[in-house]
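Here's the structure, in structure tokens; my notes come after.
Start at 1 and go down the list; that is how both ligands and their atoms are numbered.
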Amino acid sequence: MSDAAPPLRLAAVERRYRTEAGELPVLTGADLTLQAGEIVALVAPSGAGKSTLLHLAGLLEKPDGGEVFVEGRAAGRLPDDARTAIRRSTIGFVYQFHHLLPEFTAEENVVLPQLAAGTPRAAARERARALLAAFGLQGREHHRPGRLSGGEQQRVAIARALANAPRVLLADEPTGNLDVATSDRVFSELLDAVRNRRVAALVATHNPELARRMDRVVTLRDGRLVPA
Ligand SMILES: Nc1ncnc2c1ncn2[C@@H]1O[C@H](COP(=O)(O)OP(=O)(O)OP(=O)(O)O)[C@@H](O)[C@H]1O
């Protein structure tokens, strides 16, 4: 592992699914390098393999071929527990629907991943408060998700994704569930947070306006990543 290694690199990544109709090749040799502070949009038609790519990049699944390097380390094919440890300390996820734990407060939702990564509770709470404040959620820390607006819920989800100071952020339609004005605002906050922290981000979206606001746009063609 070297400081110069990019936070995330996909090299000739392959993934195929076995279906009743036979093998479905979804990724056939996907290459991508994300540098620190770089935000890349992934825009491709439904079914092209965006979620599959994000799952592989996030070490949630293993590739059938090729490799996923995280901070220079070949990580994609490690055993489950090793991939989980790298994922917890290095990678944050934001989904279209917030996936917050409904029975926990906003603050607890941001504290829990830190506890899972071994951060002491007092430090985790302090960091959660700072992150929530950075997203304009002072005074809302003790609300459960059901008592927050859609935009606020998504801000908590972004704060949670950043809780363990990840080097890589993976997002799947991170504001796709919000109205246009709220989506615009929350997306700006997401971009600022990622840029300020020098996180490398890959953001899947169907929204060309949002894609244009990122550093570059890639698409999937026949299972490979190409410039859009
Ligand atoms: N577990 C699975 N088993 C079999 N086929 C799958 C599986 N997961 C995904 N697929 C298929 O692989 C292809 C790519 O799916 P994926 O979910 O990655 O696409 P996507 O680009 O994220 O689509 P969307 O924009 O609709 O979310 C699709 O044809 C899908 O039906």
Item to complete: Go through the steps for L162 and L131 under the test side chain to side chain contact (heavy atoms under 4.5 Å, CB included), then give the verdict.
Response: CA-CA 8 Å; L162 297 171; L131 272 168; 4.1 Å; yes
Item to complete: Look up atom OG1 in T90 and atom CZ in R73, then write down how far apart they are to the nearest 0.5 Å.
Response: 9.0 Å
Fill in: Closest protein heavy atom to atom 17 (O) of ligand 1, given as residue, atom name and distance to 0.1 Å
S51 CB, 3.6 Å
Item to complete: Answer whether the closest heavy-atom distance between the side chains of E38 and M214 falls below 4.5 Å.
Response: no
Worksheet entry | Identity of the nearest option to atom 12 (O) of ligand 1, non-hydrogen atoms only, from L27, T19, V26 | V26
Worksheet item: For atom 19 (O) of ligand 1, which protein heavy atom lies nearest, and how many Å away is it?
Response: G49 N, 3.3 Å
Worksheet entry | Verdict with supporting geometry, S89 and N164, side chain to side chain contact (heavy atoms under 4.5 Å, CB included) | CA-CA 6 Å; S89 59; N164 287 328; over 6 Å; no
Worksheet item: Using the ring of each side chain (for Trp, its six-membered ring), is Y95 parallel, tilted or perpendicular to F93, with breaks at 30° and 60°?
Response: parallel
Item to complete: Around atom 25 (O) of ligand 1, find the nearest protein heavy atom and jot down its residue, atom name and distance.
Response: K50 NZ, 2.7 Å
Discussion item. Give me the nearest non-hydrogen protein atom to atom 26 (O) of ligand 1 as residue plus atom name, then the distance to 0.1 Å.
Written reply: S46 OG, 2.5 Å
Practice prompt. Write down the atom of G49, the atom of L220, and the distance for their closest heavy-atom approach.
Written response: C-CD1, 3.6 Å
Item to complete: Looking only at protein heavy atoms, identify the closest one to atom 16 (P) of ligand 1 and say how far it is in Å.
Response: T52 OG1, 3.7 Å
Item to complete: Distance to 0.1 Å, residue and atom name: give those for the protein heavy atom nearest to atom 4 (C) of ligand 1.
Response: Y17 CB, 3.4 Å
Discussion item. Taking only non-hydrogen atoms of R18, do any sit less than 4.0 angstrom from ligand 1?
Written reply: no
Worksheet, complete the sentence: Between R129 and E107 the two heavy atoms that sit nearest each other are NE-OE1, 2.9 Å
Fill in: Where ligand 1 meets P45 - atom numbers and elements under 4.0 angstrom, heavy-atom basis
21 (O)
Worksheet entry | Protein residue, atom and distance nearest to atom 14 (C) of ligand 1, heavy-atom basis | G47 O, 3.2 Å
Practice prompt. May I ask you to check whether L24 has an N/O atom sitting below 3.5 Å from an N/O atom of ligand 1?
Written response: no
Worksheet entry | Residue H206 vicinity, atoms of ligand 1 by number, heavy atom under 4.0 Å | 25 (O)
Discussion item. Let's go through V111 and N109 carefully: what are the C-alpha distance in whole Å and the side-chain angles of both, what is the deciding distance for side chain to side chain contact (heavy atoms under 4.5 Å, CB included) to 0.1 Å, and is it a yes or a no?
Written reply: CA-CA 6 Å; V111 162; N109 268 280; over 6 Å; no
Item to complete: Please state whether A204 comes within less than 4.0 angstrom of ligand 1, counting heavy atoms only.
Response: no
Worksheet item: Do R9's NZ or CZ and the ring of F69 fall within the cation-pi criteria of under 6.0 Å and 45°?
Response: yes
